[in-house]
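Following: one structure in structure tokens, then a few remarks.
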Amino acid sequence: MERMNLENLNYVNRPVRKKDAMSLVTGQPVYMDDIVGSNCLIVKVLRSPHAHALIRKINTEKALKVAGIACVLTYKDMPQTRFTMAGQSYPEPSPYDRLILDQRIRFVGDAVAIVAGKDEKSVDQALKRIKVDYEVLEPLLDFHTAKDNPILIHPEEDWKSLAPVGADNQRNLCASGLEKDGDVDAVLDSCEYVVEGTYHTKACQQAMMETFRTYTELDAYGRLKVVSSTQIPFHVRRILSTALDIPKSQIRVCKPRIGGGFGAKQTVVAEVYPAIVTMKTGKPAKMIFSRYESQIASSPRHEMEVKVRLGSDKDGIIKAIDVYTLSNTGAFGEHGPTTVGLSGHKTIPLYGKAEAFSFRYDVVYTNHMSAGAYRGYGATQGLFAVESAVNELAAKINMDPVTIREINMVKEGQVMPAYYGETNTSCALDRCMARAKEMMGWNQKYPAKDMGDGKVRGVGVAMCMQGSGISGLDVGSATIKLNDDGFYTLSIGATDMGTGCDTILAQIAAEELDCPIDDIAVHGVDTDTSPYDCGSYASSTTYVTGQAVVNACRKLKERIGQYEAEHPGMSLKDIANSSMCGNTLALEVTEMHSSPVSPPPFMVGMAEVEVDKETGNVELIDYVAVVDCGTPVNPNLARVQVEGGLVQGIGMALHENIQYNDLGQMRNNSFMQYKLPTRQDIGDIRVEFENSYEESGPYGAKSIGEIVINTPSPAIAQAIYHATGLQFRELPITPEKIAMGLLES
């Protein structure tokens with residue numbers, strides 16, 4: 001869109017209240033379990049106690065005798081078509097490596113049998129009566145040794161990869177690749193300063209309040225209706241079609257309000273189980289994951305180990321960047337080939353003066369729970385590594401880490417070879433850094449201050465970028481219709497998962513149509529009636545679907561103008577009512593949009609921590625974040641996006657620590673063991689925006705959903721380094737690690 005004066009807008013760049021605010025705060029029935037019928041089968045899954053095993057025999061006779069049990073299904077009852085649970089555009093880059101139930105068990109918590117009954121009590125009783133004879137196999141639990149290991153996670157012959165991502169099940173490879181520009185080794189050899197480090201990020205749980213859940217039934221025409229808490233309704237339809245081996249025409253997916261997703265619900269975690277029950281029994285069925293199941297059998301962030309080499313000249317100009325990422329996809333390959341790419345593509349381009357780069361990666365199978373999508377989607381792991389390495393380089397040169405970024409950061413107008421060769425068309429990263437420095441009082445606090453009584457305060461900094469949808473792939477659509485008396489219905493296929501995209505898209509429509517926002521009724525996702533949208537992920541909704549809304553509204557205005565020319569002197573209300581009699585010009589428009597580019601948003605984060613050198617305890621005193629998301633369509637919603645993402649990043653840095661024992665059993669299977677940050681753990685969070693203007697986005701907008709999680713871990717790690725002298729390259733950074741490190745130093 002052409003650049004415009006934002007001060008003249010009525011709804012865009014304004015803090016409009018969320019469309020669903022009142023229904024949510026007054027407790028109206030809006031979520032899946034609120035709106036579906038109660039007369040349905042309860043579905044649960046028997047889960048494996050072993051990390052790697054083959055089912056020799058499975059006896060379900062006693063389970064079937066429990067009163068109220070409708071069915072007990074095993075791998076023998078399943079379709080034998082392999083599929084992926086990853087919600088991605090077709091052909092999916094994630095391998096087809098799953099069956100709904102398989103004879104081979106690949107992690108502790110893997111599905112062994114499905115039980116459906118009239119109530120939870122009977123289902124729980126039946127689960128206990130299933131007898132399974134396992135041939136226990138040696139598990140592969142160390143992702144460092146997975147590549148080319150004689151233990152194969154997927155030896156099956158019908159495993160397949162639809163896309164050229166370097167996958168090879170006979171080598172335990174879900175993906176592998178190499179991208180480079182220039183001779184990185186030669187440039188590093190010529191550098192005055194070189195740092196090298198290996199950085200390890202653990203798996204993290206999205207821990208959304210609403211766990212995975214799905215309801216299924218057969219409608220009056222015998223079609224499978226699916227009501228699910230999902231980010232990807234249209235992908236769910238395709239995935240279920242493949243998994244159940246039924247035509248897509250026989251499946252309808254509806255999305256109610258979602259109680260959080262953060263990427264977890266970009267994977268079809270729950271949907272297949274009630275769906276197969278309904279198809280087998282003809283009865284409505286419902287599955288709701290417990291928090292325990294959501295911890296042990298869901299789709300957490302990929303564990304990654306990222307090796308970084310950085311080189312600079314004597315003045316701190318970064319000349320070469322070398323990144324190698326080893327990613328643990330777990331038992332299945334959901335999102336494995338795609339998350340790993342962001343660990344390089346969303347890190348290396350930040351440094352615009354680099355003469356050469358190399359980015360290599362391997363994504364390996366292990367006998368751990370399958371990983372998936374989580375806000376930041378691989379960029380988060382890569383940015384902890386690269387930004388930490390830049391901080392180490394600054395320390396080696398004895399340079400302020402803000403200064404080294406100021407002289408190296410990518411600028412507007414630069415071509416970014418490591419970012420698919422795209423040009424940086426909108427960028428306020430320099431202004432973000434300057435404002436964050438001012439807000440933190442960086443010059444007065446850097447690097448640290450002794451507070452007395454064994455406590456030291458340190459500050460740290462990081463910057464980051466993300467994307468705005470997947471360029472040349474993601475699709476957004478909008479249908480806008482003029483109704484009686486002149487109000488509009490906006491139908492979208494994008495999924496509001498609490499982020500407020502229904503409101504943001506309505507703001508864009510109201511701005512285009514020059515009407516009150518209350519005159520825009522937003523209709524959420526039903527795959528039978530909504531225009532196609534790839535779903536809410538990859539930070540695509542505002543940028544991609546928002547532009548579809550703009551295009552649809554502009555075309556509708558043309559239609560209304562055409563009708564008005566034939567019927568002059570009529571008000572919009574009269575046009576709307578008149579058009580419903582004796583009219584052949586439809587005042588309804590559907591437009592689809594896809595962008596050939598993905599303009600990155602940018603962000604700077606600064607942390608101030610206080611470390612107790614006696615106990616190792618870390619208190620986050622202050623966190624400053626300044627974001628360039630182009631034009632914030634709704635500043636209030638943008639702000640809470642930033643604040644929420646920062647809290648998740650803080651949790652990743654200091655608290656969240658998935659651990660397994662030697663048998664592959666997860667130790668952190670509840671919120672008693674898996675520690676999430678509370679309001680008491682996060683200190684002050686201060687957020688501001690430095691707006692750029694992205695010509696290809698609606699009203700200059702870019703994305704904001706994912707970038708906000710990326711700066712806390714490297715910024716906090718550096719703040720702790722300045723306070724203690726200890727450089728931590730593994731997350732989370734716990735008081736125990738700090739205390740032990742100080743004892744040894």
Side-chain angles (χ1 to χ4, degrees), residues 201 204 262 375-376 379-380 383-384 387-388 390-391 401-402 405 429 431-449 451 455-466 601-612 617-629 632 635-636 638-656 675-690 704-724 728 731-735 738:
T201 59
C204 293
F262 310 119
R375 190 181 209 163
T380 314
L383 282 157
F384 170 63
E387 287 299 282
S388 292
V390 171
N391 285 335
V402 169
R405 288 175 171 83
L429 185 55
R431 287 188 277 122
C432 290
M433 183 67 74
R435 182 62 184 134
K437 185 177 180 180
E438 181 183 356
M439 291 170 68
M440 178 57 75
W442 179 268
N443 290 341
Q444 292 75 45
K445 296 178 179 178
Y446 168 76
K449 182 179 181 181
M451 305 301 292
K455 295 182 178 181
V456 182
R457 290 188 179 184
V459 290
V461 61
M463 64 185 189
C464 66
M465 59 182 282
Q466 197 77 31
F602 296 95
M603 177 178 176
V604 171
M606 290 184 176
E608 181 181 15
V609 304
E610 182 172 282
V611 179
D612 187 329
N617 185 63
V618 177
E619 182 181 355
L620 183 61
I621 302 297
D622 192 15
Y623 201 95
V624 164
V626 186
V627 185
D628 163 23
C629 60
N636 280 4
R639 185 176 303 278
V640 297
Q641 283 279 291
V642 181
E643 292 170 349
L646 289 175
V647 171
Q648 289 177 314
I650 292 164
M652 180 178 175
L654 296 175
H655 304 285
E656 299 178 48
K675 300 300 183 183
L676 296 169
T678 69
R679 183 63 188 88
Q680 293 179 316
D681 299 313
I682 59 175
D684 287 334
I685 290 180
R686 294 182 288 145
V687 175
E688 289 194 8
F689 297 93
E690 285 289 341
I704 196 170
E706 293 183 276
I707 190 172
V708 293
I709 199 172
N710 292 331
T711 58
S713 54
I716 290 170
Q718 190 191 36
I720 292 171
Y721 167 75
H722 285 150
T724 65
F728 290 98
L731 300 178
I733 306 170
T734 61
I738 295 172

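Numbers here are sequence positions counted from 1.
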Just checking, is any N or O donor in the side chain of S388 or Y721 under 3.5 Å from an acceptor N or O on the other one? no

Do V609 and I621 have side chains that get closer than 4.5 Å, going by heavy atoms? no

Count the heavy atoms of every other residue, nucleotide or ligand shown that sit under 6.0 Å from NZ of K675, and state whether that count exceeds 12. yes

Would you check if M606 and W442 make a side-chain contact, meaning some heavy-atom pair closer than 4.5 Å? yes

Rounded to the nearest 0.5 Å, how far apart are CG of D628 and CZ of F689? 10.5 Å

Hey, does the side chain of H655 reach the backbone of L676 with a donor-acceptor pair shorter than 3.5 angstrom? no

Report the distance from atom CD of E656 to atom CD of Q648, rounding to the nearest 0.5 Å. 8.0 Å

Whether R639 side chain and V687 backbone form a donor-acceptor pair below 3.5 Å: yes

Non-hydrogen side-chain atoms of V456 and K449 separated by less than 4.5 Å: no

Drop me the distance from T711's OG1 to L383's CG, to the nearest 0.5 angstrom. 9.0 Å

Counting C-beta onward and ignoring hydrogens, is there a side-chain heavy-atom pair between C464 and F602 closer than 4.5 Å? no

How about R375 and N710: does a side-chain donor come under 3.5 Å of a side-chain acceptor? no

Flag side-chain contact, heavy atom, 4.5 Å: M652 against T201: yes

Rounding to 0.5 Å, atoms CD (E619) and CD (E610) come to a distance of 5.5 Å

For the residue pair A719 and G460, what are the closest heavy atoms and their distance? CB-N, 3.6 Å

Residue pair V642 / I704, side-chain heavy-atom distance below 4.5 Å: yes

Tell me, with the steps shown, if D681 and R679 meet side chain to side chain contact (heavy atoms under 4.5 Å, CB included). CA-CA 5 Å; D681 299 313; R679 183 63 188 88; over 6 Å; no

Closest heavy-atom pair, M463 versus V604, reported as atoms and distance to 0.1 Å, is CB-CG2, 4.0 Å

Contacts table for residues 431-440: side-chain donor-acceptor under 3.5 angstrom, sequence neighbours left out:
| unit_1 | atom_1 | unit_2 | atom_2 | d |
| --- | --- | --- | --- | --- |
| R431 | NH1 | E690 | OE1 | 3.0 |
| R431 | NH1 | N691 | O | 3.4 |
| R431 | NH2 | N691 | O | 3.1 |
| R435 | NE | E688 | OE1 | 2.6 |
| R435 | NH1 | E438 | OE1 | 3.2 |
| R435 | NH1 | E438 | OE2 | 3.4 |
| R435 | NH2 | E688 | OE1 | 3.3 |
| R435 | NH2 | E688 | OE2 | 2.9 |

Given K445 and E608, is the salt bridge (charged side-chain N to carboxylate O under 4.0 Å, His left out) satisfied, shown in steps? CA-CA 9 Å; K445 296 178 179 178; E608 181 181 15; 3.0 Å; yes

What heavy-atom pair brings L646 and Y623 nearest, and what distance separates the two atoms? CD2-CE2, 3.6 Å

Shortest non-hydrogen separation from H722 to P447 and the atoms involved: CB-O, 3.2 Å

Of all heavy-atom pairs between G605 and A715, which one has the smallest distance, and what is that distance? O-CB, 4.0 Å

Any donor-acceptor N/O pair, Q718 side chain to V461 backbone, under 3.5 Å: yes

Would you mind reporting whether F728 and I738 have side-chain heavy atoms less than 4.5 Å apart? yes

Test side chain to side chain contact (heavy atoms under 4.5 Å, CB included) applied to I650 and I685, step by step: CA-CA 11 Å; I650 292 164; I685 290 180; 4.3 Å; yes

Rounded to the nearest 0.5 Å, how far does CD1 of I716 lie from CG of L620? 5.0 Å

G705 and Q641: which non-hydrogen atoms are nearest, and at how many Å? CA-OE1, 3.4 Å

Taking the side chain from Q466 and the backbone from G376, do they hold a donor-acceptor pair closer than 3.5 Å? yes

Going by the rule side-chain hydrogen bond (donor to acceptor under 3.5 Å, both in side chains), which residues pair with E643 if we only count those two or more places apart in sequence or in a different chain? none

Spacing of C204 atom SG and L731 atom CG [to the nearest 0.5 Å]: 7.5 Å

Can you check whether V618 reaches L654 side chain to side chain, under 4.5 Å on heavy atoms? yes

